[in-house]
Every structure is written in structure tokens, then in C-alpha cells.
Protein chains: 2
Amino acid sequence: MFFVDEFEPCCVLTTPLDETEAEALAHQLKALADPVRLRIVSMVATSGTGDVCACDFPTILDRSQPTISHHLRQLVTAGILQREQRGKWAWFSLVPGALGGVRAALGEGAERSPADA
Amino acid sequence: MFFVDEFEPCCVLTTPLDETEAEALAHQLKALADPVRLRIVSMVATSGTGDVCACDFPTILDRSQPTISHHLRQLVTAGILQREQRGKWAWFSLVPGALGGVRAALGEGAERSPADA
DNA sequence: AAAACATATTGACATATTTCGATGCGTATG
DNA sequence: CATACGCATCGAAATATGTCAATATGTTTT
């Protein structure tokens, strides 16, 4: 009722975001708002094991290894992906609940306003 | 005008996005991934009537009138907001279902992958 | 039709982003 | 321990983005 949860103080549909809240959410959305990064997240989310080796991305996504590394870092920094070193390979998996948190911030579970039919 | 695609063919959690799908979703997310635009959407979504006059934004958001106009155009182009002229004022409201579509593309309703607890 | 007002567009600038080649750093293997 | 391999970082280039002042466009009122 009074506290939705620890660090999702409100959502777009319940109360007008203040500048700080808007910046935090914008940071997460920005991390997702790129075709290469979306495909990385999607590959990780749909992999049978839940994780993908960084070594797979350059070929499949047709980007250089430094470019992939750059995108992976953004996703990790934003709290979307987590990194695990296995031997000389880096494997990436979804941070549990991260995507759900973004969806919640966009109003999942909140009741619709008059115009959001 | 713009398109509100009826075809949300899949989501990030069900099948790896191809380049075209990723670009379409990235475009919508990019429209939301800015603090000023998030606050605009939030103000519209939480306004009692469901719409807000463009004239209110420059003062509240502390941005020039052209800057606000620029952000409003991006939100309309992305299919998040719709515009209605009333006399000499422009009023903006949520496109019904638009935010829900973004949430759905991010996996709302889809079953979680092994790592998405 | 002229004046007044709300919004859009243009032009310009500073910053951010995406990308890659070259290089550096760790880890494993011969 | 030297080499190869995977990934990160650096430096640089092209493009995109956020912003505002000036100006244009459109609507209402006088």
C-alpha cells in the first residue's frame, strides 16, 4: 500500500516522476534502447541455459569485438546483465528481476489512467 | 502520421529478436529513454483528465518551448502520445495501449527464462 | 486585417553515442 | 615461460541527440 518495494518508488502511471526518478529510469531504458543491446538481451533471455558466451556475439550480431564489449558493459552497468568469468570466457546472464523492474516502472500492475484503455 | 503496429510478433523473452524487430522496439524505447520525455509521459498518464496542454510543460520541466515541442514530436512519432488541437492549444494524451505494448515487448505475460526469477 | 498568442520549424552548438583499429591485460596451453 | 586466445580499454571518426534563440505558422480576438 504505502511501499511498493525498496527501490522502485513509483511508476510512470501513478505519480508524476520527479527529475531524479526520471533520470534513473531513463538510464535503464537507454541501456535497452539500442538494437544490438536488445538482441543481446534477447539472446541471453531465450538461451536454454540462461547464459551466453561473449564470444558468440560478434559473429551473430555482425559487430566488432570491441563494439560488443562496449554494449555488454552498458548492460552490466545498467543492472540488466551480470557477468561471470569461466576460464578465459565471459558468460552473461539476466539479472533476476531486472526486466521486470523496468516493466513495473512503465506501469505493469498499476491501474490505467483514463486514456490508457 | 505514425504507426501503432498491431503486430507485436514476439517479445524479448520468447525468441531472439532479429534486426528489424530490435530496431522497431529500440525506436519506442529510445522515445521513452529521456528524463524530460518520461516526465511528460508521466504527467499525461497521471493527469485526472488524461490529457495535458503543451503550454504547461515549459514552466514545470524548465525547458524552452522549442525543446518541449521537440520532445513532444518524438513521443508522437513513436506512437506513445497523440496530439489534439483545441483552439490555439495543443493537448496531448497517451495512445491507448502504447505503454502496454512496450511492456509486452519486454516480456510482460511471457514466461520467464531460467535466470529471470 | 491586424494584433496577440500558442506552437512548430530552422539553424547552430555542445555533448553523447556507436563504431572500429590498435593495443593492453589475464588466463590457459604447449 | 612463451605463445595463443578471449576480452577490455584507448583513441579517433561519424553520426545522433538535447538544447536554445530566432523565426515561421496557425488560430483567435479586436
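Letters A, B, ... are given to chains in the order of the sequence lines, protein chains preceding strands, and every chain is numbered from 1. As the structure is a prediction and not an experimental result, all values here were calculated from the model.
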B:K30 side chain N/O closer than 4.0 Å to the phosphate oxygens (OP1, OP2) of D:dA16? no
Heavy-atom contact window of chain B on DNA chain C, given 5' to 3' at under 4.0 Å: C:dC5 to C:dT9
Here the distance between atom C1' of D:dA16 and atom CG of A:D34, to the nearest Å, is 12 Å
Those residues of residues 62-71 of chain B lying under 4.0 Å from DNA chain C by at least one heavy atom: B:Q65, B:P66, B:S69
Taking atom types as modelled and ignoring hydrogens, do the side chains of B:E23 and B:H27 form a donor-acceptor contact shorter than 3.5 angstrom? no
Distance in Å, B:L29 CG paired with A:K30 NZ, rounded so as to fall on 0.5 Å steps: 13.0 Å
Reckon A:R37 touches a base, only the sugar-phosphate, or nothing at all at heavy-atom distances under 4.0 Å? sugar-phosphate
Examine distances only and state if a side-chain atom of B:R37 and a backbone atom of B:A31 form a donor-acceptor pair shorter than 3.5 Å. yes
To the nearest Å, give me how far apart CG (B:L32) and C1' (D:dG18) are. 17 Å
Taking only side-chain N and O atoms of A:R73, does any of them lie within less than 4.0 angstrom of OP1 or OP2 on D:dT9? yes
From A:S64 atom OG to A:H70 atom NE2, the distance as rounded to the nearest 0.5 Å: 10.0 Å
Indicate yes or no: at least one non-hydrogen side-chain atom of B:L106 is less than 4.5 angstrom from one of A:E108. no
What is the distance from atom CD of B:Q65 to atom CG of B:L72, rounded to the nearest 0.5 Å? 9.5 Å
Rounded to the nearest 0.5 Å, what's the gap from CG on A:L38 to CG on A:L75? Could you check? 8.5 Å
DNA chain D nearest-nucleotide lookup for A:C53 and B:W89: closer to the 5′ end is A:C53
Minimum heavy-atom distance A:V52-A:S47, with the two atoms named: CG2-CB, 3.8 Å
